[in-house]
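Have a look at the structure below, then the notes.
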Amino acid sequence: MALRGIVGLFVGKPHHPVGPDGRMALSDHLRELRARILKVALTLLVALVVALFFFDQLFDLVYGPYEEAVARLEDKQTLATTTGAGGGLMLYLKLCGFAALVATAPVWLYQIWAFIMPGLHAHERKWTRVFGAVATPLFLLGIWIGYVTLPKGLEILIGFNPDGITNILEFSGYLQFFTRTMLVFGIAFEIPVFVVLLNLAGVVKGRQLADHRPWIIVGLFVFAAVATPSADPFTMTFMAVPMVLLFFVAEIIARWNDKRRARNKPYAGLSPDEASQL
């Protein structure tokens, strides 16, 4: 019985007990967060096991950008290697772990949104399915753009080696570089989604986004310059430009939502100096 209670505490269906003031207790928030984190962890573990059976296909997919970069570097010598007795095993685990993280994106993106959802009004929770349908494609789109631009980034970085110098590429480091690039691109494309989420929660207004638009655009380019592992202008631009366009879309949605809220207020359009009927 005690074991069942402990398991239920972790994996039971999250609930949202609301107090008289319309808010959840801190302990309930922490309990729900713990349950959602455990669900994501279990899903990742299952996906990792499945990915191990498709290692060869995944390896070809990851090794492809490096091969393409090498084909473009006619006069440069480079060699991919692994180090240590456990190098091959770590390659298996890291590569399949990254594949599991990408494959389970719909699950953990939904868990993030579902954890935020209780802070919204009942009529705003209908956006759950909409954002669930938008967030995952944007994440995958970001990963695809990162994958397409990665060969150019590798070509630029390896090309800095002087002639006659062989570049030894430790594959574990390359996999880390590959993983970071894909995740940074994927997460960057989620930023506009979370901007709209903050607007729905009443934290950010559309007018505020418009007033700070120039600084936000500069910030997005700075973020792209810092976040891109290759640090070349080509890759940075391919990340920053779509982020700016998506920010404009987020701003339009936020301003539309603010106008909708204003129209639905019972005293919308009334002057503060107007006398009350009471």
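Basis for what follows: all heavy atoms, side chains included, without hydrogens, waters or symmetry-related copies.
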- Is the backbone N or O of Pro151 less than 3.5 Å from a side-chain atom of Tyr66, with the two atoms forming a donor-acceptor pair by type? no
- Query: Does a side-chain heavy-atom distance below 4.5 Å link Leu209 with Val195?
  - Reply: yes
- For the rings on Phe59 and Phe171, is their centre-to-centre separation under 6.0 Å? yes
- Output for pair (Asp258 CG, Gln208 CD), nearest 0.5 Å, gives 8.5 Å
- Message: Within this structure, what is the CG-CD distance for the pair Leu141 and Glu190, rounded to the nearest 0.5 Å?
- Response: 10.0 Å
- Between Thr179 and Lys94, is any side-chain donor less than 3.5 angstrom from a side-chain acceptor? no
- Item | Pair Phe139 and Trp144, ring centroids less than 6.0 Å apart | no
- Message: Between Phe247 and Arg213, is the side-chain contact (heavy atoms from CB on, under 4.5 Å) condition met? List the steps.
- Response: CA-CA 9 Å; Phe247 166 75; Arg213 186 187 303 136; 3.8 Å; yes
- Query: Out of curiosity, Asn161 CG to Thr166 OG1, how far, rounded to the nearest 0.5 Å?
  - Reply: 9.0 Å
- Query: Are Leu61 and Leu140 connected in a single hydrophobic cluster, I mean Ile/Leu/Val/Met/Phe/Trp/Tyr linked by side-chain heavy atoms less than 4.5 Å apart?
  - Reply: yes
- Over all atoms of both residues, closest heavy-atom pair of Ala47 and Thr104: CB-CG2, 3.6 Å
- Query: Side-chain heavy atoms under 4.5 angstrom apart, residues restricted to Ile, Leu, Val, Met, Phe, Trp, Tyr: same cluster for Leu44 and Val50?
  - Reply: no
- Quick one: are Glu155 and Glu68 in side-chain contact, heavy atoms under 4.5 Å? no
- Counting only heavy atoms not in Gln176, do more than 12 sit closer than 6.0 Å to its CD atom? no
- Task: Examine Val148 and Phe189 and state if one hydrophobic cluster contains both, with Ile, Leu, Val, Met, Phe, Trp and Tyr joined whenever side-chain heavy atoms are less than 4.5 Å apart.
- Result: yes
- Message: In this structure, would Val196 and Ile191 fall into the same cluster of hydrophobic residues linked by side-chain contacts under 4.5 Å?
- Response: yes
- Query: Roughly how far apart are Asp211 CG and Ile216 CD1, rounded to 0.5 Å?
  - Reply: 9.5 Å
- Is atom CZ of Phe55 surrounded by more than 12 heavy atoms (other residues, nucleotides or ligands) closer than 6.0 Å? yes
- Query: Phe185 and Tyr147: aromatic ring centres closer than 6.0 Å?
  - Reply: no
- Item | Glu251 side, atom CD; Leu246 side, atom CG - distance, nearest 0.5 Å | 13.0 Å
- Task: For the pair Thr181 (side chain) and Gly146 (backbone), establish whether a donor and an acceptor sit closer than 3.5 Å, ignoring hydrogens and angles.
- Result: no
- Item | ILVMFWY cluster, Val49 and Val107 together (side-chain gap under 4.5 Å) | no
- Message: So, taking the atom named CZ in Phe54 and the one named CD in Gln57, what distance separates them when rounded to the nearest 0.5 Å?
- Response: 7.0 Å
